[in-house]
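For ligands, and for the atoms within them, numbers begin at 1 and follow the listed sequence.
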Amino acid sequence: MPHLKIGVFASGTGSNCKAIFESIKKELLDASIGVVISNVSDAPILDWATEQGIPAKHISSDQFNELDKFHEHLLSTLKKRQINFIVLAGYMKKIGRPILTTYTNRVLNIHPALLPSFGGKGMYGRQVHQAVLEYGAKVTGVTVHLVDAEYDHGPVVLQEPVRVHPNDTVDTLAKRVLDMEHQVYWRALDLFSKNQIEIHGQKVVFTNQKEDRDE
Ligand code: GAR
């Protein structure tokens, strides 16, 4: 895989986008962020991106009469900047087929729970942690996965557990999980950047561990 030129899709504060940017600055991850796209016109991440000198675009399906035109515009924006990888960082919209077809196995998402638990439509941000606490789960975590046409679905790349404490509130749990997200997302990208990953249907294989798997 050539140098990762990432297009970030985000709907809010984009702390995951910032953490990825930091990992690039610290030279932990060999990649660059070529554009930040948000469906929300006043998303704070757009201002942040502009401050960093990263092109920031508000692109929403609401701006177009036809969905095809929306996808065409998204794809041409990505193509113009030679984007070869898409990172969803708190992006609240489903990714359309034209994007998934163009970027097969090159769209990553992060979810603040251990999928397939506590995922799916409506399971976003705080709702996820609320559901975890209501269920009484003792462990939750972070999942980085390739994106397919369903919400919070697709081959799992990395997962890390986070313990639920008896006195956790949504806020305390959300903070601990988000801290873990910031440590995990760039590591998943690093696997792609170093070509250490193969995707076989729903399964992801780390090529640097292939011998262990074959034993
Ligand atoms: C993160 O916790 C991310 O895992 C979650 O939204 C938050 C965005 O935070 N995404 C989902 O719930 C996807 N289903 P951020 O804007 O600070 O990166």
In terms of ring plane angle, is the pair His73 and Phe64 parallel, tilted or perpendicular, where the classes change at 30° and 60°? tilted
Look only at interatomic distance and state if [X] has a nitrogen or oxygen under 3.5 Å from any nitrogen or oxygen of ligand 1.
X	value
Cys17	no
Gly14	yes
Asn109	no
Gly90	no

Under a 4.0 Å heavy-atom limit, does Leu178 contact ligand 1 with its side chain, its backbone, both, or neither? side chain
Specify side chain, backbone, both or neither for Val142, according to which of its non-hydrogen atoms lie closer than 4.0 Å to ligand 1. neither
Is it true that Ala10 lies under 4.0 Å from ligand 1, counting heavy atoms only? no
If we ignore angles and hydrogens, is there a donor and acceptor under 3.5 Å between the side chains of Thr207 and Gln196? no
Are a donor atom and an acceptor atom from the side chains of His129 and Thr140 found within less than 3.5 Å of each other? no
The closest protein heavy-atom partner of atom 10 (N) of ligand 1 is Ile110 O, 3.6 Å
Can we say Asp171 and Lys175 salt-bridge, meaning some charged N sits less than 4.0 Å from an Asp/Glu carboxylate O? no
Would you call Asp152 and Lys121 a salt bridge, taking side-chain N to carboxylate O under 4.0 Å as the test? no
Are Ile59 and Val147 joined in one hydrophobic group, where the rule is that I, L, V, M, F, W and Y side chains link up if heavy atoms are under 4.5 Å apart? yes
